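Notes to accompany the following structure.
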Amino acid sequence: MSEAEGEGPTHCGMVAVVGPPNVGKSTLVNRLVGSKVSIVSPKVQTTRTRIMGVAMQGRTQVVFVDTPGIFIPKRRLERAMVRAAWDVAGDGDEIILVIDALHGLDDATRTVAERLIKQRNKPIPVINKVDAVKRESLLGLAAAIVAMGMDQNIFMVSALEGDGTGDLLSFLAARLPEGPWLFPEDQISDMSSRLWAAEITREQVFLQLHDELPHAAAVATEVWQEQADGSVRIEQIVYVQRDGQKAIVVGAGGRRIKEIGSRSRAELEKNLERRVHLFLQVKVEPRWAEDRGQYQALGLDYDV
């Protein structure tokens, strides 16, 4: 008998996870879900679309929605990313505002908080990276948060280490409404296997080239083929906008793309728990960031 068929009502709701870039939203969602559903890198704007991660807490299903960082957009892709974040914030049963303990209530965080408070309800403040600052500064930050008019339930966590995240999950689960679960209890994300695999490779591109390559790379999974021995063959294309960027991704003698493929394959095998045959190509597509199909694949609004 599944838990949904047990005694008592089930509860379910969506929790929007929002904030400026690089405050640790994706790391927090991964920690709360207990598995990797969002990629993480030091580069801002790593998350390009909304990603759902599902956590079970007793008979309550908590659906976390990771969002792109909110900032002042300039290009079409950036506008679409920020639009996706605000759309999610408007739909959530609860809203978490992730605040970087190192930066506190800086201008970017205040801007997001003020709009959330003005538009709907008080966001739940989650101060992340508390392991990196002194306790005295956290107390002052908490007082400033209360003064802004956010929810008075303030959580101090380290998404990286897991400190405080269990209490946060329990608190959120207790606030969600009664209702049927949106996903089977063993499902952890709404993302397709092809898109998830492409994100894993894109993460490695950013991790290995974040000092050399701007936000000019995209990854698409062209082939996902199940093999008779239980393994999977995955063929992907890494898109860049210029020949010089292709040279960076490929590297001297093809060493860089081989290393990206090796690390991506290891991450895929770790999560899929089976052997992966990964094949990567690098192609120059000057206008990939203006390709409507790329936006559709990510679930973004092209016409923004």
Side-chain angles (χ1 to χ4, degrees), residues 15-34 36-48 50-51 53 64-74 78 81-82 85-86 88-89 92 94-117 122-169 171-172 203 206-215:
V15 178
V17 182
V18 301
N22 265 16
V23 294
K25 298 183 296 298
S26 296
T27 303
L28 179 61
V29 169
N30 289 341
R31 175 66 65 175
L32 291 166
V33 172
K36 186 166 190 169
V37 294
S38 289
I39 66 172
V40 178
S41 87
K43 185 180 284 291
V44 298
Q45 305 163 34
T46 298
T47 301
R48 286 180 174 166
R50 69 109 183 97
I51 297 169
F64 292 100
V65 189
D66 189 15
T67 64
I70 296 173
F71 59 104
I72 300 175
K74 297 179 181 178
E78 295 173 346
M81 290 159 54
V82 172
W86 282 121
V88 168
E94 299 288 345
I95 300 176
I96 288 176
L97 174 60
V98 183
I99 301 167
D100 189 328
L102 293 166
H103 298 145
L105 290 176
D106 56 13
D107 290 344
T109 303
R110 282 184 177 276
T111 298
V112 177
E114 288 169 354
R115 177 166 169 177
L116 289 172
I117 294 168
K122 300 177 180 180
I124 300 166
V126 176
I127 305 173
N128 188 27
K129 308 179 187 179
V130 297
D131 50 325
V133 299
K134 294 182 179 179
R135 182 174 178 79
E136 293 76 15
S137 65
L138 292 174
L139 296 176
L141 176 55
I145 287 171
V146 171
M148 277 199 73
M150 286 185 256
D151 193 299
Q152 294 191 12
N153 294 286
I154 301 173
F155 289 85
M156 300 186 183
V157 308
S158 169
L160 191 61
E161 301 297 332
D163 299 338
T165 55
D167 291 339
L168 174 60
L169 179 58
F171 173 81
L172 292 167
E203 178 182 52
F206 281 179
L207 287 175
Q208 296 191 48
L209 299 171
H210 65 89
D211 289 331
E212 304 171 66
L213 194 69
H215 278 274

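Values below: every heavy atom of this structure, side chains too, minus hydrogens, waters and symmetry copies. Owing to the predicted nature of the structure, the values given are computational and were not obtained by experimental measurement.
Annotation: side chain of L97 is in contact with side chain of V18 (closest heavy-atom distance under 4.5 Å). The shortest distance between side-chain heavy atoms of L138 and I127 falls below 4.5 Å. Inter-residue side-chain proximity for L141 and V133 is flagged as unmet; no heavy-atom pair is nearer than 4.5 Å. Side-chain contact between V15 and I124 is absent, with no heavy atoms from C-beta onward closer than 4.5 Å.
M150 and A113 get closest at one heavy-atom pair: CE-CB, 4.0 Å. In terms of heavy-atom proximity, S26 sits nearest to V40 at CB-CG2, 4.0 Å. In terms of heavy-atom proximity, S38 sits nearest to N30 at O-ND2, 2.7 Å. The two residues E94 and L172 come nearest to each other via the heavy atoms CB-CD2, 4.5 Å. Shown here for K25 and V17, the closest heavy-atom pair between the two residues is CD-O, 3.8 Å. In plain terms, the two heavy atoms of A142 and I154 that are nearest each other are O-CD1, 3.6 Å.
In this structure, CG in N22 is found 11.0 Å from CG in N128, a value given to the nearest 0.5 Å. To the nearest 0.5 Å, the span separating CD on E114 from CG on L105 amounts to 9.5 Å. If you take CG on D131 and CE on M156, they are separated by 13.0 Å, rounding to the nearest 0.5 Å. One finds the OG atom of S158 at 10.0 Å from the CG atom of L28 (value rounded to the nearest 0.5 Å). To the nearest 0.5 angstrom, I117 atom CD1 is 5.0 Å from M148 atom CE. Here D151 contributes atom CG and L116 contributes atom CG; the two are 12.0 Å apart, rounded to the nearest 0.5 Å.
Side chain to side chain, T109 and D106 meet the donor-acceptor criterion of an N or O pair below 3.5 Å.
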* For side-chain contact (heavy atoms from CB on, under 4.5 Å), just list the numbers for I99 and I145, CA-CA rounded to whole Å, side-chain angles, deciding distance to a tenth of an Å, and then say yes or no. => CA-CA 10 Å; I99 301 167; I145 287 171; 3.6 Å; yes
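The main-chain N or O of V65 is never found under 3.5 Å from a side-chain atom of R50 such that the two would form a donor-acceptor pair.
The ring pair (Phe, Tyr, Trp, His ring centres under 6.0 Å) analysis of residues 128-150, with sequence neighbours excluded, yields no pairs.
Residues meeting the salt bridge (charged side-chain N to carboxylate O under 4.0 Å, His left out) test with K129, sequence neighbours left out: D100.
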